[in-house]
Amino acid sequence: MSCSQIDYILDNTTSSIISSYKTYDRCPLNSASHVPVSAKIEVKAKVKQTLVKPNSARQFKFQWKDLDSESFSSFINKELSQYNIKKHSLEENIQFLCNCLKKAAAVAVPSKIIKLKGTKFIASPTTLSLLQICKEKYLLWKSNGKHDDHFKSDKILAQRNLRKQMRREQYLDRAHFYKEVMDNPSNEMFHRLIRRNRGNRNKESMCIMENGELQYSPVDQTQSFSKYEDLALPKDKGYDPDFLDLCNVRHKIIEHLCEQENLTTEFSTQNICDAIKQLHSGKATDELGLAAEHFQNLSSKSYTIPYRLS
């Protein structure tokens, strides 16, 4: 009906990205010769996943007491059946076995969070009660539609009281810490002061006094503490130098014997299983991310791997 509409550009029959479009009728108030045209365009976009920094990521701990032994063993047997150990080098086989154990643990062992993002915060009973009040006020405001009414005012007032209490406790904690630094200086307090001043949440100290001068800057405070040799210099832990020399002599003798003779020891599968049973559980993982439980929960009948250590 219009002689100047632009539907020859937004054509549904020729464009693959336009799902539909609509040409509106001429309005009496519109004196121009054009009419509005609206179109619906469908676009597929990939969601960009943000990488989590290692220092702020959550840390998990495996709950080995809730292990699904059947799933753990079946996953390992399936991975070993699809892998030919003889066609790869020793380093590749070790890497494969380590990855297999870690994947099996991720499938068959439940885990719980032991560390969340951010620093630890120890709240007092007063802060916990105010925090609970803030949650209740927020839920009440949310259930009533989040309008600008007295529910919102109550929520804001509760949040202000919580922030006041937290700032008051942080001030008292800093004051107690600096008083302890001045009254009972020690090596531990020295390093705590350095970590506090150099941390991400850097809050400058109130001041420390040295020879009648007040030091406000963290750099000046660190330099002042470094002048005390008993705090800044490493201390002798009481090592016996004679015992250290004896250990070095033994190490040289063993190294010399190993160079002269070709020592090769063969281990049976039973020897390896007995050694695995003697590992201490509940310890931290090694540099490969494996713990003693990864090996202790394996069934000796479910796999057979030749071992030769030289």
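Numbers here simply count residues along the sequence, with the first being 1. Nothing here was measured: the structure is a model prediction, and the numbers come from that model.
From Trp141, atom CH2 reaches atom CG of Asp148 across 8.0 Å, with rounding to the nearest 0.5 Å. We find the CG-CG distance between Asn84 and Asn93 to be 9.0 Å, quoted to the nearest 0.5 Å. Atom CG of Leu97 sits about 13.0 Å away from atom NE2 of His294, to the nearest 0.5 Å. The structure places CD of Glu92 at 6.0 Å from OH of Tyr83, a figure rounded to the nearest 0.5 Å. Taking CG from Asp173 and OG from Ser124, the interatomic distance works out to 11.5 Å, rounded to the nearest 0.5 Å. To the nearest 0.5 angstrom, Cys100 atom SG is 10.0 Å from Gln82 atom CD.
Nearest heavy-atom pair across Ser143 and Leu140 is OG-O, 2.8 Å. Residue Ala292 comes nearest to Leu279 through the heavy atom pair CB-CB, 3.8 Å, listed as atom of the first residue, atom of the second, then distance. Nearest approach of His280 to Lys283, heavy atoms of both residues: O-CG, 3.6 Å. Closest heavy-atom contact between Ala158 and Cys134: O-SG, 3.2 Å. Of all heavy-atom pairs between Thr285 and Gly289, the closest is CB-C, 3.8 Å. The nearest pair of heavy atoms linking Leu290 to Cys98 is CD1-SG, 3.6 Å.
Between Lys155 and Gln159, the closest side-chain pair of non-hydrogen atoms falls below 4.5 Å. The side-chain heavy atoms of Tyr178 and Met189, taken from C-beta on, include no pair separated by under 4.5 Å. No side-chain heavy atom of Met182 sits under 4.5 Å from any side-chain heavy atom of Lys179. A heavy-atom distance below 4.5 Å is not found between the side chains of Trp64 and Gln296. Between Met166 and Glu169 there is no side-chain heavy-atom pair separated by less than 4.5 Å.
Grouping the Ile, Leu, Val, Met, Phe, Trp and Tyr side chains by contacts below 4.5 angstrom, directly or via other members, places Ile133 apart from Tyr138. No continuous path of ILVMFWY side-chain contacts below 4.5 Å connects Phe62 to Val107, so the two sit in separate hydrophobic clusters. Under the 4.5 Å side-chain contact rule for hydrophobic residues, Leu139 and Leu130 do not share a cluster. Note: the hydrophobic cluster containing Ile85 also contains Phe96 (ILVMFWY, side chain heavy atoms under 4.5 Å, direct or indirect links). Grouping the Ile, Leu, Val, Met, Phe, Trp and Tyr side chains by contacts below 4.5 angstrom, directly or via other members, places Phe295 with Val109.
Counting non-hydrogen atoms of other residues, nucleotides and ligands closer than 6.0 Å to CZ of Arg163 gives a total above 12. Counting heavy atoms of neighbouring residues, nucleotides and ligands inside a 6.0 Å radius, atom CD of Glu70 does not exceed 12 of them.
Here the rule is side chain to side chain contact (heavy atoms under 4.5 Å, CB included) with Lys137, and of Asp154, Ile156, Leu157 only Asp154 fits it.
Side chain to side chain, Arg168 and Gln165 meet the donor-acceptor criterion of an N or O pair below 3.5 Å. Side-chain atoms of Glu91 and Gln95 form no donor-acceptor pair, as typed in the model, at a separation below 3.5 Å. Between Gln270 and Asp274, the side chains place a donor N or O and an acceptor N or O closer than 3.5 Å (distance only, hydrogens not considered). Counted by atom type alone, Asn77 and Ser74 present zero donor-acceptor pairs between their side chains at under 3.5 Å.
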Glu255 vs Glu259, test: side chain to side chain contact (heavy atoms under 4.5 Å, CB included). Steps then yes/no. CA-CA 6 Å; Glu255 185 178 8; Glu259 292 177 354; 3.9 Å; yes
